[in-house]
Asks: 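This is the structure, below, for whatever I ask next.
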Number of protein chains: 2
Amino acid sequence: MKSLHKAVAVLDGFSRAEPSMTLGAIASRLKLPKATAHRLLAALRDAGLVVQDGTRDRYRLGLKLVALGNVVLSDLALFHVAGPHAERLVNQSGETAHLCAFDGFNVMSIDRREMQPARNELVTIEREPPHCTSTGKAILAFQPDAVVDRVIAAGLETFTGNTITTAEALREDLDQVRERGYALDLEERQYGIRCVGAPIRGPDGAVIGAISATGPTERLPTNRLPILAEMVVATARSISEALTTRTG
Amino acid sequence: MKSLHKAVAVLDGFSRAEPSMTLGAIASRLKLPKATAHRLLAALRDAGLVVQDGTRDRYRLGLKLVALGNVVLSDLALFHVAGPHAERLVNQSGETAHLCAFDGFNVMSIDRREMQPARNELVTIEREPPHCTSTGKAILAFQPDAVVDRVIAAGLETFTGNTITTAEALREDLDQVRERGYALDLEERQYGIRCVGAPIRGPDGAVIGAISATGPTERLPTNRLPILAEMVVATARSISEALTTRTG
DNA sequence: TCAGTCGTTCCATAATATGGAACAATGACT
DNA sequence: AGTCATTGTTCCATATTATGGAACGACTGA
């Protein structure tokens with residue numbers, strides 16, 4: 001399935017920062033001959049996963065991916081039930097709430113609530129680095145060792161001077177998460193930002209997501225963190241319960 | 001790229017009605033040997049496009065598709081600027097507004113506004129049959145012949161007794177759309193529902209989407225259609241203008 | 001405990017993907 | 001208007017990968 005992996009690498013090359021690319025840029029980025037890149041793009045285009053404006057214009061991801069992504073979200077109970085709970089957390093804490101889902105492979109931010117929501121503002125749905133976010137660590141702490149090993153093997157990318165970059169440090173942090181019942185991100189992902197995250201469990205008890213409260217460091221001094229954590233943990237528990245009682 | 005096409009066919013097999021499937025069901029649906037289906041699913045799983053709950057459980061689409069779909073939407077100017085215009089159309093007409101995008105390949109419904117919107121209700125983002133929806137025909141009428149040919153070649157699926165099912169009838173209908181400046185769906189897609197749709201143009205003048213007003217047939221008698229059409233056409237024009245003046 | 005069914009793996013064989021080179025089309029410059 | 005550079009596209013001899021029947025391992029239900 002070598003060509004399938006190459007095709008997916010082509011898709012992965014597109015991002016919010018670079019939603020369109022030329023054939024040459026794609027070939028260069030992936031170190032492929034132009035003929036190979038062209039054949040991959042032609043196949044993806046036939047499938048509707050990629051589109052091309054003109055014969056000499058750039059390639060971009062196709063709308064079909066929106067439809068496929070929507071199939072995922074429409075089946076994601078977490079996405080459907082968490083909204084009111086997240087709103088309550090925002091009102092209680094005065095901070096921004098993030099909702100993340102875990103599909104056994106990726107930690108994905110899927111919803112975000114703030115004090116002043118904007119209608120139809122596109123929520124940032126994107127993969128989160130699981131080793132240095134409160135939601136990522138809240139999820140990882142309750143996964144089988146194999147999942148943690150896979151994250152470590154994929155590399156622990158550095159974001160700030162506080163980012164966890166060694167396997168040992170990550171495991172110790174996850175031990176603390178299990179003890180406390182919540183995870184902390186103290187400017188690990190981004191300078192000036194602190195987060196508290198707690199795991200959300202599915203009906204079978206497996207951790208399938210997390211919710212966090214996020215705010216600027218000066219608004220979240222160390223003495224305020226346990227109070228915030230209590231709210232986040234309670235919210236995570238109420239979402240977990242809503243998932244259990246939900247039918248369909 | 002045969003295996004890539006097979007892999008995409010696997011992805012296409014998932015839907016809102018059937019968000020998870022067994023390996024056997026996928027193999028059977030696509031008439032593939034289990035070994036082949038397994039290899040395709042393993043490769044898609046490695047890529048994060050598909051996930052599997054347990055070693056004996058069903059497969060489902062992965063969250064990565066949500067992220068890729070989001071890259072598409074985040075770059076879709078139409079999606080970002082159309083909201084207030086669609087809201088105005090709803091308020092003026094009292095009917096539901098649909099926003100559709102066209103990527104040169106698919107006509108996709110990407111937003112929907114109603115008199116009583118539900119917060120965080122997941123909008124139905126899915127492919128629309130272009131030959132029998134007002135938005136689809138509003139888009140097709142202004143595309144190169146090759147696009148129309150491709151739609152015809154893909155088959156004109158029947159939904160009601162009023163659905164257009166021949167190439168000749170479709171071309172005639174598209175002629176009328178061009179003359180009037182708007183398209184009509186008089187219970188072609190669904191019994192009891194009528195729609196009026198108008199094309200939305202990008203900065204270069206190409207038709208890249210459409211907007212429609214939709215309601216029950218009894219609320220949209222024939223004499224009301226021209227009045228509604230006027231509102232829809234005006235809304236489409238104002239969205240087109242917003243796209244032209246938009247920068248970034 | 002056993003039978004049936006599911007997902008997974010193996011490997012001889014069949015089929016497809018590759019990529020250098022050349023071509024066609026487009027845009028920029030003079 | 002013509003030329004040149006650059007981009008996307010196509011060809012095909014060759015290299016490499018995908019295939020799928022059969023068997024295996026794991027799990028579930030009786």
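Just so it is clear: chains get the letters A, B, ... in the order the sequence lines come, proteins before strands, and each one is counted from 1.
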Asks: What bend angle does the helix from C/dT1-D/dA30 to C/dT30-D/dA1 show across its length, from five-pair end axes and to the nearest 10 degrees?
Replies: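 The angle, to the nearest 10 degrees, is 60°.
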Asks: Output all residues satisfying salt bridge (Lys or Arg N to Asp or Glu O under 4.0 Å) with A/Arg60, sequence neighbours left out; order by chain, then residue number.
Replies: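 So A/Arg60 forms a salt bridge (Lys or Arg N to Asp or Glu O under 4.0 Å) with A/Asp53, B/Asp75.
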Asks: Can you check the B/Arg58 CZ to C/dT5 P distance for me, whole Å?
Replies: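 To the nearest whole Å, that distance equals 17 Å.
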Asks: Which pairs pass side-chain hydrogen bond (donor to acceptor under 3.5 Å, both in side chains) with one or both residues in residues 31-45 of chain A, sequence neighbours excluded?
Replies: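 Of all non-adjacent pairs touching residues 31-45 of chain A, those that pass side-chain hydrogen bond (donor to acceptor under 3.5 Å, both in side chains) are A/Arg45-A/Gln52.
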Asks: Who pairs with A/His98 by side chain to side chain donor-acceptor pair (under 3.5 Å), at least two apart in sequence or on another chain?
Replies: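 In terms of side chain to side chain donor-acceptor pair (under 3.5 Å), with neighbours along the sequence ignored, A/His98 is linked to A/Arg112, A/Thr214.
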Asks: Report the residue (A/Tyr59 or A/Leu4) whose heavy-atom-nearest nucleotide on DNA chain D is the more 5′ of the two.
Replies: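 First, find each residue's nearest nucleotide; the 5'-ward one identifies A/Tyr59.
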Asks: Could you tell me the separation between the CG atom of B/Asp46 and the C1' atom of C/dT8, rounded to a whole number of Å?
Replies: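 From B/Asp46 CG to C/dT8 C1': 14 Å.
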Asks: With sequence neighbours left out, write down each residue that passes side chain to side chain contact (heavy atoms under 4.5 Å, CB included) with A/Ala9, or none if nothing qualifies.
Replies: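 Scan of A/Ala9 (side chain to side chain contact (heavy atoms under 4.5 Å, CB included), adjacent residues dropped) gives A/Leu30.
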Asks: Mind checking salt bridge (Lys or Arg N to Asp or Glu O under 4.0 Å) for B/Arg180 and listing every partner two or more places apart, or none if nothing turns up?
Replies: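 In terms of salt bridge (Lys or Arg N to Asp or Glu O under 4.0 Å), with neighbours along the sequence ignored, B/Arg180 is linked to no residue.
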Asks: Partners of B/Asp175 by salt bridge (Lys or Arg N to Asp or Glu O under 4.0 Å), sequence neighbours excluded?
Replies: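 Counting only residues at least two positions away or on another chain, B/Asp175 forms a salt bridge (Lys or Arg N to Asp or Glu O under 4.0 Å) with B/Arg178.
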Asks: Could you walk me through whether A/Ser238 and A/His85 pass the side chain to side chain donor-acceptor pair (under 3.5 Å) test, one step at a time?
Replies: CA-CA 7 Å; A/Ser238 72; A/His85 301 263; 2.8 Å; yes
Asks: Using side chain to side chain contact (heavy atoms under 4.5 Å, CB included) as the criterion, list what pairs up with B/Ala183, not counting sequence neighbours.
Replies: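 In terms of side chain to side chain contact (heavy atoms under 4.5 Å, CB included), with neighbours along the sequence ignored, B/Ala183 is linked to B/Ser134, B/Lys137, B/Ala138, B/Val177.
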Asks: Specify the separation, in whole Å, of atom NE2 of B/His5 and atom C1' of C/dT16.
Replies: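 Nearest whole value for this atom pair: 13 Å.
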Asks: Using a 4.0 Å cut-off on heavy atoms, which residues in residues 38-45 of chain B reach DNA chain C? List them by number, or say none.
Replies: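 Those residues whose heavy atoms fall under 4.0 Å from DNA chain C, taken from residues 38-45 of chain B in numerical order, are B/His38, B/Arg45.
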Asks: Write down the distance between NZ (B/Lys6) and P (C/dT16), rounded to a whole number of angstrom.
Replies: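 After rounding, the reported distance stands at 8 Å.
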Asks: Taking the six-membered ring of A/Phe142 (Phe, Tyr or Trp), confirm whether the NZ or CZ of A/Arg201 is under 6.0 Å from its centre and within 45° of its axis.
Replies: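 Here A/Arg201 passes the 6.0 Å and 45° test against A/Phe142.
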Asks: Quick one: salt bridge (Lys or Arg N to Asp or Glu O under 4.0 Å) partners of B/Arg29, sequence neighbours excluded?
Replies: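 Partners of B/Arg29 by the salt bridge (Lys or Arg N to Asp or Glu O under 4.0 Å) criterion, ordered by chain and then number, come out as B/Glu18.
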Asks: For residues 28-36 of chain B, which residues have at least one heavy atom under 4.0 Å from DNA chain D?
Replies: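 Nucleic-acid contacts, sorted: B/Pro33, B/Ala35, B/Thr36.
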Asks: In whole Å, I'd like the distance from the NZ atom of A/Lys2 to the C1' atom of D/dA15.
Replies: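 It is 12 Å, rounded to the nearest whole Å.
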Asks: Ignoring backbone atoms, test whether B/Gln52 places a side-chain nitrogen or oxygen under 4.0 Å from the OP1 or OP2 oxygen of C/dC6.
Replies: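 Looking at the OP1 and OP2 atoms of C/dC6, neither is under 4.0 Å from any side-chain N or O of B/Gln52.
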Asks: Can you name the residues that form a side chain to side chain donor-acceptor pair (under 3.5 Å) with B/Arg58, not counting sequence neighbours?
Replies: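 B/Arg58 satisfies side chain to side chain donor-acceptor pair (under 3.5 Å) with B/Ser20 only.
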Asks: Starting at atom CG of B/Leu23, determine the distance to atom P of D/dC24, rounded to an integer number of angstrom.
Replies: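 About 20 Å, once rounded to whole Å.
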Asks: Can you tell me the distance, in whole Å, between the CD1 atom of B/Ile26 and the C1' atom of D/dG20?
Replies: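 Atom CD1 in B/Ile26 sits about 17 Å away from atom C1' in D/dG20.
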